[in-house]
Amino acid sequence: MSSLTCTDLSLTYPGGTRALHRVSLAAADGEFLALVGPSGSGKTSLLRAIAGFVQPDAGTITLGETTVSGADAWVPPERRGLGMVFQQHAIWPHWSVGRNVDYPLRRTGLAATERRRRTEHALELVGLAEYRDRNPATLSGGQRQRVALARALAARPRVLLLDEALSALDEPLRAAMRVEIRMLAEREGLTVVHVTHDREEALAVADRVAVLNHGALQQVGTPQELVEDPATSFVASFLADATLLDVVPAGDELRLRTGGHRVPVGVVRTMSADGPDGARADAPAGTRADAPAGADADGPGSARADDSGSAARPAPGHVLAVLPEEVRLRADPEGEGHVESSLFTRTGAQVQLTWHGQPLQARVPERGLRRGDRVDVRVGRALLYGGAGVATAP
Ligand code: ADP
Ligand code: MG
């Protein structure tokens, strides 16, 4: 059974910013779902809509069997039975830890003994059992964040919503808390929606990851599915640092749209579509009012959420996503790659190149490359987005 179902949610703020566009997403009972996307992609807006702090213009939100938000349904936030933890813990500094955790329970009218039992249990869950009478000012940032978590858990929420709850913590504490939250969720069978802009965190903790961009869902899948089968070039770029090349198929080859240089790629994997809604790839190219691929050809930062499209739009471009791990470099004074920088990594170097006027990112085992070096560039395997017609030259 799904604990949480969002269907076709759209949200536009007064002033006209469209924060969510037809988002459909479900979290199963006991599932740990991560919601990841760049800043401004609509993550907080989606959580706020689920929590009931904003009202979507369209779509429905269902918790268990109950529709809490829809055309003719509205359940106020305090009656949705959700727990929420934000990046900046809203802990009352002049109250003890225990009183902070107890505070929301008081408002539910629970008996004092039951409240005390729940407060103690929640503090135990987050490892703060001995801190009940402490002043929060005497706690570390990580401990204060645990107080916020205990407070959310004490109310026994149907779904726990975390909005960048770990983002304010420094490493290595953040990594440790990641593990703790994941274990706690498993032990308690919690349903969690964990919002983060941190890709590694999302992939590490979640059963499934949902990727948002410009208010539209790009892909929902297991971490492995996302990494191995990015549904859109945006996902490839955002989750795997792929370089996106605007290319034109020419016979068996792929050429850069600008300059026409052949891309030296071994294996090309053709992906079926490149849009937040895979079904759109079935529509004839160039006639889709909101065809996203043309916009996406501009690169990961391109605006694809505008509504200005019309039948006059150009046919979707072909975008080749080159994963940094697939780039092979060989020192060569005649080579067409120019090393811009080479940064140390645990497994080698992260190299930033310019190649035919195009920035290109590589992760290679050799650490000896220096700024100004010239290299020969090959690509082992790359992903081609852009729908039908890839095999034929235009
Ligand atoms: P994220 O959490 O992914 O960074 P948000 O949901 O906060 O993104 O924001 C999505 C978009 O909505 C952004 O363009 C942001 O500027 C806009 N936005 C967020 N909150 C408001 C608001 N209260 N009023 C108007 N625009 C807002
Ligand atoms: Mg946010």
Are [X] and [Y] linked, directly or through other ILVMFWY residues, by side chains that come within less than 4.5 angstrom of each other?
X    : Y    : value
L323 : V379 : no
L128 : Y103 : no
F53  : V75  : yes

When you measure from the side chain of [X] to the backbone N and O of [Y], does any donor-acceptor pair fall under 3.5 Å?
X    : Y    : value
E114 : A111 : no
E336 : R374 : no
S233 : A321 : no
R22  : D8   : no
N100 : W92  : yes
T191 : G30  : yes
D57  : T12  : yes
Q350 : Q361 : no
D376 : G335 : no

Is it true that [Y] and [X] share a donor-acceptor pair across their side chains at a distance under 3.5 Å?
X    : Y    : result
Q352 : S341 : no
N213 : S41  : no
Y13  : S45  : yes

Drop me the distance from [X]'s [atom1] to [Y]'s [atom2], to the nearest 0.5 angstrom.
X    : Y    : atom1 : atom2 : value
L226 : Q219 : CG    : CD    : 4.0 Å
L212 : F238 : CG    : CZ    : 10.0 Å
R151 : M84  : CZ    : CE    : 12.0 Å
T67  : I61  : OG1   : CD1   : 10.0 Å
S342 : L369 : OG    : CG    : 6.0 Å
N135 : S96  : CG    : OG    : 8.5 Å

Non-hydrogen atoms of [X] and [Y] that approach each other most closely:
X    : Y    : result
T243 : Q358 : CG2-NE2, 4.4 Å
H318 : P249 : ND1-CD, 3.3 Å
T196 : A202 : CG2-CB, 3.8 Å
L139 : Q143 : CA-OE1, 3.5 Å
S3   : D29  : OG-OD1, 2.8 Å
G142 : L173 : CA-CD2, 3.5 Å

Donor-acceptor list for residues 152-162 side chains, cut-off 3.5 Å, not counting sequence neighbours:
{"unit_1": "R158", "atom_1": "NE", "unit_2": "R80", "atom_2": "O", "d": "3.3"}
{"unit_1": "R158", "atom_1": "NH2", "unit_2": "R80", "atom_2": "O", "d": "3.2"}

Just grab all the salt bridge (Lys or Arg N to Asp or Glu O under 4.0 Å) pairs involving [range], residues at least two apart or on different chains.
range            : value
residues 39-51   : none
residues 191-202 : R174-D198, R174-E201, R178-D198, R178-E201, R199-D241
residues 348-361 : none

Side chain to side chain, [X] and [Y], heavy atoms closer than 4.5 Å:
X    : Y    : result
V377 : V375 : yes
L46  : L25  : yes
I50  : C6   : yes
P230 : L383 : yes
T347 : R363 : no
L254 : L245 : no
V205 : F32  : yes
L203 : V36  : no

**Prompt:** Does the pair R146 and E180 meet the rule for a salt bridge (Lys or Arg N to Asp or Glu O under 4.0 Å), with working shown?
**Reply:** CA-CA 10 Å; R146 276 178 230 213; E180 273 185 41; 3.4 Å; yes
**Request:** For H121, check ring pair (Phe, Tyr, Trp, His ring centres under 6.0 Å) against everything at least two apart and list the hits.
**Result:** none
**Request:** Just jot down the side chain to side chain contact (heavy atoms under 4.5 Å, CB included) partners of E225, sequence neighbours excluded, or say none.
**Result:** T222
**Item:** Partners passing side chain to side chain contact (heavy atoms under 4.5 Å, CB included) against P264 (at least two apart in sequence or in another chain)
**Value:** R262, W355, R378
**Asked** Taking only residues two or more places apart in sequence or in another chain, which ones pass salt bridge (charged side-chain N to carboxylate O under 4.0 Å, His left out) with E120?
**Response** R116, R132
**Message:** Just to verify, what does E188 make a salt bridge (charged side-chain N to carboxylate O under 4.0 Å, His left out) with, not counting sequence neighbours?
**Reply:** none
**Message:** If you apply the rule side-chain contact (heavy atoms from CB on, under 4.5 Å), what do you find for H197 with S167, and how did you get there?
**Reply:** CA-CA 8 Å; H197 66 274; S167 302; 3.9 Å; yes
**Request:** Dump the intermediate steps for side-chain contact (heavy atoms from CB on, under 4.5 Å) on E31 and R208, then the final yes or no.
**Result:** CA-CA 8 Å; E31 184 171 36; R208 284 188 310 148; 2.6 Å; yes
**Prompt:** For L105, what are the other residues in its hydrophobic cluster, where any two members join if their side-chain heavy atoms are less than 4.5 angstrom apart?
**Reply:** L110
**Item:** For V179, the rest of its hydrophobic cluster, which grows through side-chain links under 4.5 angstrom
**Value:** M183
**Request:** Run the numbers on F86 and T44 for side-chain contact (heavy atoms from CB on, under 4.5 Å), then give the verdict.
**Result:** CA-CA 10 Å; F86 304 94; T44 295; over 6 Å; no
**Item:** Neighbour count >12 (heavy atoms, 6.0 Å) for atom CD, E171
**Value:** yes
**Prompt:** Would you find more than 12 non-hydrogen atoms of other residues, nucleotides or ligands less than 6.0 Å from R79 atom CZ?
**Reply:** no
**Message:** Please list all pairs meeting ring-ring contact (aromatic ring centres under 6.0 Å, His included) that have one or both residues in residues 132-186, counting only residues at least two apart or in different chains.
**Reply:** none
**Trace of the side chain to side chain donor-acceptor pair (under 3.5 Å) decision for T354 with E340** = CA-CA 7 Å; T354 311; E340 300 292 340; 2.5 Å; yes
